[in-house]
Amino acid sequence: WAKTNVKATLSNLVISGFSAGSLGTMAWSYHLLGMFPHERASVLLDSYAGIFPYGTEGPIFKNWGACSLPIFSESAQGLCSEDQLSTKVSLETAMAAYPKVGFGIIQSKVDGTQIWFFKGVAQSNFMMDAAVIEDPDFYTKSLALFEEYSQNFPNYVDFLIDGEVHCFTQSDLFFKTTTANPDGEISSSTSLVQWVTDFLQGNASSACRAAIEGPDPYKGDDYCDKLLTPKVLNIDR
């Protein structure tokens, strides 16, 4: 329907989703970017990093019959058949294939819903040790993933928010949130709505509020990763 009713070349294509829709955006972005010709495009992920217990994603994709879906590249389909496909692979495939497209992630440092689902997936797979994950552990795992994206893809940036709130773009929190908190109480912090505005124009940098340093178990989540901040979005247009 969209292909039939949308003109041949879009001036500005934005692909976005929040919560589970963020995971869907990771899976669909490669296919949709190729399906709709565009002059400018951005992919914005809100509140799901794709952190799961080790070894659980591949079997889920395969058991749900995803391996033959046309939304995945041929190489991704091959990985799927071997229980190796993940949301990370899907997103990396899109970022590599479309270097002129900006990819951004909005993420609370210790998103309570993501942590809850991580524990649920672990328990469903009888991985009881993995199910015992604390806020700092989740933050460390998220940063490790984002570091890979940031170091390998110039067209990637992220916006990290103190706290545990899940999802921003679907509610009025979008207009109030800063890197400090969802209530916008600390005006000196970076505004989410301004960051997204800049991101969609290809002018954003990774944003976080706290001391910029390496992981420190004594800091919990009260720091910003020196390998992520500052990072300027680089889109070769």
Side-chain angles (χ1 to χ4, degrees), residues 14-26 42-52 87-88 91 102-119 133-150 153 156-201 203-217 219-233:
V14 179
I15 304 171
S16 185
F18 63 90
S19 192
S22 178
L23 298 176
T25 300
M26 294 181 194
S42 304
V43 176
L44 183 63
L45 310 165
D46 176 13
S47 297
Y48 223 114
I51 305 296
F52 295 99
T87 51
K88 176 177 181 287
L91 185 60
F103 289 77
I105 289 180
I106 301 167
Q107 172 89 350
S108 286
K109 291 181 177 178
V110 288
D111 185 318
T113 298
Q114 292 186 55
I115 293 173
W116 187 84
F117 272 102
F118 182 98
K119 293 178 178 179
I133 182 173
E134 302 298 334
D135 288 0
D137 300 324
F138 177 80
Y139 185 48
T140 299
K141 289 179 181 293
S142 299
L143 292 180
L145 178 63
F146 297 160
E147 285 173 5
E148 287 193 58
Y149 293 158
S150 187
F153 301 99
Y156 166 86
V157 287
D158 48 57
F159 187 96
L160 302 183
I161 303 156
D162 290 358
E164 61 182 19
V165 172
H166 184 64
C167 301
F168 300 90
T169 54
Q170 88 293 358
S171 74
D172 59 356
L173 287 177
F174 177 70
F175 300 98
K176 299 187 293 184
T177 296
T178 69
T179 48
N181 55 54
D183 299 320
E185 296 175 355
I186 302 178
S187 59
S188 60
S189 301
T190 305
S191 159
L192 175 58
V193 67
Q194 185 59 57
W195 184 86
V196 171
T197 300
D198 294 339
F199 170 75
L200 295 179
Q201 297 300 316
N203 298 319
S205 300
S206 289
C208 179
R209 186 202 70 88
I212 299 174
E213 53 190 65
D216 184 340
K219 286 282 187 178
D221 59 279
D222 189 23
Y223 67 93
C224 297
D225 190 339
K226 63 182 180 181
L227 297 180
L228 294 178
T229 309
K231 162 70 182 298
V232 177
L233 183 66

- For residues 106-115, pull every pair meeting salt bridge (charged side-chain N to carboxylate O under 4.0 Å, His left out), keeping only residues two or more places apart or in separate chains.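 Every salt bridge (charged side-chain N to carboxylate O under 4.0 Å, His left out) pair that includes a residue of residues 106-115, provided the two are not neighbours, is K109-D162.
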Heavy-atom closest pair, residues [X] and [Y]:
{"X": "M26", "Y": "G50", "result": "CE-N, 4.3 Å"}
{"X": "S16", "Y": "L44", "result": "OG-O, 2.9 Å"}
{"X": "Q107", "Y": "S142", "result": "NE2-OG, 3.7 Å"}
{"X": "S150", "Y": "L227", "result": "OG-O, 4.0 Å"}

Donor-acceptor pair, [X] side chain versus [Y] backbone, under 3.5 Å?
{"X": "S42", "Y": "G102", "result": "no"}
{"X": "S205", "Y": "P230", "result": "no"}
{"X": "Q114", "Y": "A49", "result": "yes"}

Between atom [atom1] of [X] and atom [atom2] of [Y], what is the distance when rounded to the nearest 0.5 Å?
{"X": "T229", "Y": "E213", "atom1": "OG1", "atom2": "CD", "answer": "11.5 Å"}
{"X": "D158", "Y": "S206", "atom1": "CG", "atom2": "OG", "answer": "4.0 Å"}
{"X": "I105", "Y": "S22", "atom1": "CD1", "atom2": "OG", "answer": "6.5 Å"}

Just to verify, what does [X] make a ring pair (Phe, Tyr, Trp, His ring centres under 6.0 Å) with, not counting sequence neighbours?
{"X": "Y223", "answer": "Y139"}
{"X": "F174", "answer": "none"}
{"X": "F159", "answer": "W195"}

- Query: For atom CZ of F153, is the number of surrounding heavy atoms from other residues, nucleotides or ligands below 6.0 Å larger than 12?
  - Reply: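 Count over threshold, so yes.
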- Task: Tell me, yes or no, whether the heavy-atom count around F199 atom CZ, taken from other residues, nucleotides or ligands under 6.0 Å, exceeds 12.
- Result: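 Enclosed.
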- Identify, with sequence neighbours excluded, every residue that meets side-chain hydrogen bond (donor to acceptor under 3.5 Å, both in side chains) alongside T169.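 Here the qualifying residues are D46.
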- Task: Applying side-chain hydrogen bond (donor to acceptor under 3.5 Å, both in side chains), name anything that partners S19, two or more places apart in sequence or on another chain.
- Result: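 Partners of S19 by the side-chain hydrogen bond (donor to acceptor under 3.5 Å, both in side chains) criterion, ordered by chain and then number, come out as H166.
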Could you pull out all residues at least two apart from [X] that satisfy side-chain contact (heavy atoms from CB on, under 4.5 Å)?
{"X": "K141", "result": "I51, F118, I133"}
{"X": "D135", "result": "V110, I115"}
{"X": "S191", "result": "V193, Q194"}
{"X": "E134", "result": "V132, P136, D137"}

- Query: Can you list the steps and then say if L160 with L143 is a side-chain contact (heavy atoms from CB on, under 4.5 Å)?
  - Reply: CA-CA 10 Å; L160 302 183; L143 292 180; 3.9 Å; yes
- Sequence neighbours excluded, which residues qualify as disulfide bond (SG atoms under 2.5 Å apart) partners of C167?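 Checked C167 against disulfide bond (SG atoms under 2.5 Å apart); zero matches.
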- Query: Excluding sequence neighbours, so at least two apart, what forms salt bridge (Lys or Arg N to Asp or Glu O under 4.0 Å) with E148?
  - Reply: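 Salt bridge (Lys or Arg N to Asp or Glu O under 4.0 Å) check on E148 returns K88.
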Close side-chain approach of [X] to [Y], heavy-atom, < 4.5 Å:
{"X": "L91", "Y": "L45", "value": "yes"}
{"X": "V165", "Y": "T177", "value": "no"}
{"X": "F146", "Y": "Y156", "value": "yes"}
{"X": "T179", "Y": "C208", "value": "no"}
{"X": "L173", "Y": "L192", "value": "no"}

- Check the pair F168, V196 against side-chain contact (heavy atoms from CB on, under 4.5 Å), reporting the backbone distance first and the verdict last. CA-CA 11 Å; F168 300 90; V196 171; over 6 Å; no
- Task: Kindly determine whether F103 and Y149 satisfy side-chain contact (heavy atoms from CB on, under 4.5 Å), including the steps that lead there.
- Result: CA-CA 10 Å; F103 289 77; Y149 293 158; over 6 Å; no
- Should D225 and E147 be marked as a side-chain contact (heavy atoms from CB on, under 4.5 Å) after you check the CA-CA gap, both sets of side-chain angles, and the distance that decides it? CA-CA 9 Å; D225 190 339; E147 285 173 5; 2.3 Å; yes
